[in-house]
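Structure record follows, encoded as structure tokens.
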Protein chains: 2
Amino acid sequence: MDRPAPVSPCHCLALRQASRRLTQHYDQHLAPTGLRTSQYGLLRGLGRVGPISINGFADIMVMDRTTMGRALHPLTRDGLIAAGPGRDGRTRSLTLTEAGQKRIEEAQPFWEQAQRTFEERYGAVPAGDLRRAAERLALSV
Amino acid sequence: MDRPAPVSPCHCLALRQASRRLTQHYDQHLAPTGLRTSQYGLLRGLGRVGPISINGFADIMVMDRTTMGRALHPLTRDGLIAAGPGRDGRTRSLTLTEAGQKRIEEAQPFWEQAQRTFEERYGAVPAGDLRRAAERLALSV
DNA sequence: GTGTAAAGCGTGCATATGCGCCTAAGCAAG
DNA sequence: CTTGCTTAGGCGCATATGCACGCTTTACAC
């Protein structure tokens, strides 16, 4: 997998490529848990901000609302997230189930190893800088 | 679309969120051209490194080979990229067609505006730093 | 109360993403 | 020439991504 120089000074393309690579790295570490990185992120996020509506959760996770709706399917199917009725007839209330909480705890060591091995290769300081820059982008654009 | 603080110190999650947001920004600007950001990136990339095989192009663009194979479908369908026979009976040779070259030129002003407006909001210097950090990640991990 | 706007969510469509498995073609050792 | 490894690519499956459109429910002005 040796490649020539990356093609283009496009900020977006560079970020997309980096995102793909990093996702692959984390996914490989999380594979034994049966969770993808995206799903682990959703569980962690819901654990912090739930109970919450789909739209609210989508905003927090920086996703399109319809993407969120569909991303929840495999998680509700597997009983990791419960989507009960909300305070309205419109809203649905998302909560992390006990199985979901347990699954997070099982997956955490694998996530930590992914995070750690990435920091070892890329450098912990640059990794932190990159993360903060990405967080700022997600909030600002 | 105002959100609370982003959830998690996970490098991967932060990068994925930023990637989604930025892709949305560029996609909105490129919408009049009928190209998505990803497709514009593929055309630009192929223009630089083509003719090339699918696997070779996938490596350069930091994609899975199967993802590349499928991403080419709408582009070959629309005649922007030609997938002729390669030097082997196995390999296929990807080239940018004249229509593809023309499409890039048509789209360029829209891409430039997306790039520029992002830099205005996020800051040109941080944007460059972020792009270089992302490029390094794509090559290193 | 009623009409209208807005909020919350779902669905259809098209593309994006990558893993596992498969086939075909080249290539080297015997 | 045959056996076996490697390379190039396709396809099925499942999830990810978001736009356009539509539906139901609520909020609000009047």
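Everything numeric in this text was worked out from a predicted model, so none of it was measured. Note on naming: letters A, B, ... go to the chains in the order of the sequence lines (proteins, then strands), and numbering restarts at 1 for each one. As a basis for the values below, the full set of heavy atoms in this structure was taken, side chains included, without hydrogen atoms, waters or symmetry mates.
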* To do: Would you kindly give the CG-to-C1' distance between A:Asp64 and C:dA16, to the nearest whole Å?
  => 15 Å

* Whole-Å distance separating the CD1 atom of B:Ile52 from the P atom of D:dT7 -> 16 Å

* **Contact nearer the 5' end of DNA chain D, comparing B:Arg87 with B:Gln28** => B:Arg87

* Asked: Counting just side-chain N and O atoms, does B:Asn55 come under 4.0 Å of either OP1 or OP2 of D:dT7?
  -> no

* Within less than 4.0 Å of OP1 or OP2 of C:dC19, is there a side-chain N or O belonging to A:Gln24? -> yes

* Does a donor on one side chain and an acceptor on the other come within less than 3.5 Å for B:Gln24 and B:Gln28? -> no

* Under 4.0 Å: is that the gap between some side-chain N or O of A:Arg92 and OP1 or OP2 of C:dG10? -> yes

* Check the distance between C:dT17's P and A:Leu13's CG and give it to me in whole angstrom. => 10 Å

* Asked: Is the base of C:dG12 touched by the side chain of A:Arg70 through a donor-acceptor pair closer than 3.5 angstrom?
  -> yes

* By nearest nucleotide on DNA chain C, pick out whichever of A:His73 and B:Gln39 is the more 5' one. => A:His73

* Going by modelled atom types, is there a donor-acceptor pair between the base of C:dC19 and the side chain of B:Thr66 at under 3.5 Å? -> yes

* Asked: Do the side chain of B:Arg90 and the base of D:dG10 come within less than 3.5 angstrom through a donor-acceptor pair of N or O atoms?
  -> no

* Asked: NA contact type, A:Ser53, heavy-atom cut-off 4.0 Å: base, sugar-phosphate, or nothing?
  -> sugar-phosphate

* To do: Mind running salt bridge (Lys or Arg N to Asp or Glu O under 4.0 Å) on B:Lys102 and B:Glu98 for me, showing each step along the way?
  => CA-CA 6 Å; B:Lys102 193 180 167 211; B:Glu98 285 189 23; over 6 Å; no

* **Phosphate OP1/OP2 of D:dA16 contacted by A:Ser38 side-chain N/O (<4.0 Å)** => yes

* Asked: Between C:dC19 and B:Arg65, is there an OP1 or OP2 to side-chain N/O distance shorter than 4.0 Å?
  -> no

* Structure fact -> Separation of C:dG18 atom P from A:His25 atom NE2, nearest Å, is 15 Å

* Asked: For D:dG18, does either OP1 or OP2 sit under 4.0 Å from a side-chain N or O belonging to A:Thr67?
  -> yes

* Asked: Of B:Leu42 and A:Thr91, whose closest DNA chain C nucleotide lies nearer the 5' terminus?
  -> A:Thr91

* Structure fact -> Smallest heavy-atom separation, B:Leu137 atom then A:Phe118 atom, equals CD1-CZ, 3.7 Å

* Nearest-angstrom distance from the residue atom CG of B:Asp27 to P of C:dT15 -> 13 Å

* Integer-rounded Å distance: D:dA8 P and B:Phe57 CZ -> 16 Å

* Asked: Do the side chain of A:Thr91 and the main chain of A:Arg87 share a donor and acceptor less than 3.5 angstrom apart?
  -> no

* Asked: For B:Arg77 and C:dT15, is the shortest distance between a side-chain N/O and OP1 or OP2 below 4.0 Å?
  -> yes

* Asked: So, B:Thr66 versus B:Asp64: side-chain donor-acceptor pair below 3.5 Å or not?
  -> yes

* To do: Quickly work out the A:Ile54 CD1 to C:dC9 P distance and round it to whole Å.
  => 5 Å

* Asked: Would a distance-only check, ignoring hydrogens and angles, find a side-chain to backbone donor-acceptor pair under 3.5 Å from A:Asp78 to A:Leu80?
  -> no

* To do: Please determine if a side-chain N or O atom of B:Arg20 lies less than 4.0 Å away from the OP1 or OP2 oxygen of D:dT17.
  => yes

* Nucleotide C:dA14, atom C1' - distance to CG of B:Leu75 in whole Å -> 13 Å

